[in-house]
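Below is one structure; the comments refer to it alone.
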Amino acid sequence: MSAGRQVKRVCLAYSGGLDTSVILHWLIHTYGCEVVAYTADIGQEEELAGLPEKAKETGAVDCVIRDVREEFARDFVFPAIRGGAIYEGTYLLGTALARPLIAKHQAEVARETGCDAVAHGATGKGNDQVRFELTFRALSPELHIIAPWREWDIRSRSDCFAYCEKYGIPVTATLEKPYSIDRNMMHVSYEGGVLEDPWRAPDESMFLTTKSPEKAPDVPSEITIGFERGTPVSIDGEALSPAQLLHRLNALAGEHGVGRVDMVENRFVGLKSRGVYETPGGTVLHCAHRAVESITLDREVMHERDRLSPRYAELIYNGFWYSPEMDVVRALMEASQANVTGEARVSLYKGSVRVTGRRSPVSLYNVAQSSFEDAGPEDTYDQADASGFIRLQGVRLPRR
Ligand code: ARG
């Protein structure tokens, strides 16, 4: 194997798993370069202790771990909640939101450790290569990008194992890892293996963070989530940091089997892909957030925002977090949230999340106006006005 271009030092997004261990060694072997291993703690709940030793044993000159959990929840997950970003009406974007953050810190680490290139372990068929590389392009275009899966002749996991054996690379994974899993503080995603048959139901044993709805408690849990300007800030009146709040909500909702999704989605590169996700906390947040919006958002503001939500989701999904069009869409999303302050009460029960109440100090809901009862002088709504309102709406309707 020969390198396509000279690089001196590469910063590799490294997890310590099979693929990135092989990549680490392969980079050194192929490019004759040095490798700085970089890992973001984004709530994947994997053992990060021992990672630097492992990286160095595999040949890295350095290993940098960055804790980005608060930043992930605050600057990536919560904006997506505020904007109602759900891809194809179903996918809550857990992986798509994490990639630009991982790549942003990777570019920083590359700069700080004197690297002239960056590398990642995403394959040539997926969305993640696009998300990583568009972020590098936008933030550090001078860095050369290496995507080993698009260059080398390794084709499968068994090829990876053979490579490790040949070069004595330490690996702990077993060959029959049945799915490709991506986990962070927002979600766990599963793809590949038996899931590639879209008719085949996932095995119950696959799920890592949610109980099966059938086995969830017979008694519902009620929780109240507080929002300030669209941002979740408390659970049952207790103020929490973004990461704490998401973490807590994952545990509460996961216990009740909330947030499982099974779908076939359209990847940016043009393929259809079956994915299964568990997003317990995120599912509750989207639901509670909309409940608070229902009493705090002006109708027309809500409808403008709702028109743009699918576009916002698509930009996130396709990897354009750092782009001029995203800046414009995000600005509208954020502007829409100025009055979204209040609380929603939800009931978690056997896989479902159901709103049971909402209140706000700045509510636009006017009982006197909306009531079926006569509310007296408080009521500024004159029912007689409705006659003309409807008659004029009808003027343009052709007879049929
Ligand atoms: N399909 C999802 C996305 O594009 C998840 C991709 C990563 N997941 C995985 N299991 N490898 O955002």
Side-chain angles (χ1 to χ4, degrees), residues 13-23 39-40 42-46 72 76-77 79-81 83 85-103 106 120-135 147-150 155-157 160 173 176-198 200 202-203 205-210 259-280 282-283 286 310-321 326:
Y14 171 78
S15 71
L18 176 63
D19 297 21
T20 54
S21 295
V22 170
I23 290 172
T39 303
I42 196 153
Q44 64 270 50
E45 307 276 339
E46 271 162 18
F72 180 49
F76 292 80
V77 177
I81 303 292
I86 302 180
Y87 185 65
E88 296 185 337
T90 311
Y91 171 39
L92 270 51
L93 297 165
T95 295
L97 289 163
R99 296 313 186 194
L101 175 60
I102 295 170
Q106 185 177 357
H120 62 75
T123 74
K125 282 190 166 185
N127 297 311
D128 288 329
Q129 53 176 343
V130 184
R131 297 165 183 155
F132 271 111
E133 294 178 35
L134 288 180
T135 302
W149 279 104
R150 304 198 302 247
R155 294 271 80 92
S156 63
R157 286 184 71 77
C160 282
E176 52 284 310
K177 191 183 154 205
Y179 318 99
S180 163
I181 296 179
D182 181 58
R183 180 170 180 180
N184 60 45
M185 192 184 293
M186 189 181 191
H187 84 166
V188 188
S189 104
Y190 310 85
E191 292 179 350
V194 296
L195 297 174
E196 285 173 6
D197 172 2
R200 159 90 195 245
D203 296 324
S205 60
M206 177 183 82
F207 295 96
L208 294 173
T209 59
T210 57
R260 289 188 184 183
V261 150
D262 183 332
M263 71 186 292
V264 174
E265 72 200 46
N266 288 292
R267 287 187 183 163
F268 190 27
V269 292
L271 303 169
K272 289 194 188 294
S273 160
R274 198 275 187 91
V276 178
Y277 304 97
E278 37 187 354
T279 318
T283 301
H286 271 292
R311 178 67 180 140
Y312 193 33
E314 185 177 67
L315 290 175
I316 295 169
Y317 188 86
N318 290 351
F320 291 94
W321 187 264
M326 179 64 108

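For ligands, and for the atoms within them, numbers begin at 1 and follow the listed sequence. Values in this document were obtained by computation on a predicted structure and should not be read as measured data. Numbers here are sequence positions counted from 1.
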*For atom 1 (N) of ligand 1, the protein heavy atom that lies nearest, with its residue and separation*: Glu191 OE2, 2.5 Å
_Atoms in ligand 1 flagged as close to Arg131, the criterion being non-hydrogen separation under 4.0 Å_ = 3 (C), 4 (O), 12 (O)
*When you look for heavy atoms under 4.0 Å from ligand 1, do you find them on the side chain of Glu265, its backbone, both, or neither?*
side chain
*Is there a donor-acceptor contact under 3.5 Å from the side chain of His187 to the main chain of Thr95?*
yes
*Just let me know how Leu93 lines up against ligand 1, side chain, backbone, both or neither, with a heavy-atom cut-off below 4.0 Å.*
neither
*asked:* Is it the case that the side chain of Ser205 and the backbone of Asp203 share a donor-acceptor pair, with hydrogens and angles ignored and the cut-off at 3.5 Å?
replied: no
*Taking distance alone, with no angle check, do Thr95 and ligand 1 share an N/O pair under 3.5 Å?*
no
*asked:* So, applying ring pair (Phe, Tyr, Trp, His ring centres under 6.0 Å) with His120, which one of Trp149, Tyr14, Phe132 is it?
replied: Phe132
*Polar-atom distance check: Arg99 versus ligand 1, any N or O pair below 3.5 Å?*
no
*Can a non-hydrogen atom of Arg267 be found less than 4.0 Å from any atom of ligand 1?*
no
*Tell me which protein heavy atom sits closest to atom 9 (C) of ligand 1, plus the residue, atom name and distance to 0.1 Å.*
Ser189 OG, 3.3 Å
*If you measure from CG on Leu134 to CD on Gln129, what distance do you get to the nearest 0.5 Å?*
10.0 Å
*Considering only the protein, which heavy-atom contact is closest to atom 7 (C) of ligand 1, and what is its distance?*
Asp128 OD2, 3.5 Å
*Can you tell me how far the CD atom of Glu46 sits from the OG1 atom of Thr39, to the nearest 0.5 Å?*
9.5 Å
*Has the side chain of Asn127 got a donor or acceptor atom that lies under 3.5 Å from a matching backbone atom of Gly319?*
no
*Could you tell me the residue and atom name of the protein heavy atom closest to atom 12 (O) of ligand 1, and the distance to it rounded to 0.1 Å?*
Tyr91 OH, 2.6 Å
*Below 3.5 angstrom, do we get any N/O pair linking Tyr190 and ligand 1?*
no
_Counting non-hydrogen protein atoms only, what is the nearest one to atom 11 (N) of ligand 1? Give residue, atom name and distance._
Ser180 OG, 2.7 Å
*Roughly how far, to the nearest 0.5 Å, is CD of Glu45 from CG of Leu208?*
10.5 Å
*For the residue pair Tyr317 and Glu265, confirm or rule out a side-chain donor-acceptor distance under 3.5 Å.*
yes
*In terms of residue, atom name and distance, what is the protein heavy atom nearest to atom 2 (C) of ligand 1?*
Tyr277 OH, 3.2 Å
_Tell me the protein heavy atom at minimum distance from atom 4 (O) of ligand 1, and give that distance in Å._
Asn127 ND2, 2.7 Å
*In Å, rounded to the nearest 0.5 Å, how long is the span from CD of Glu133 to CG of Asp128?*
11.0 Å
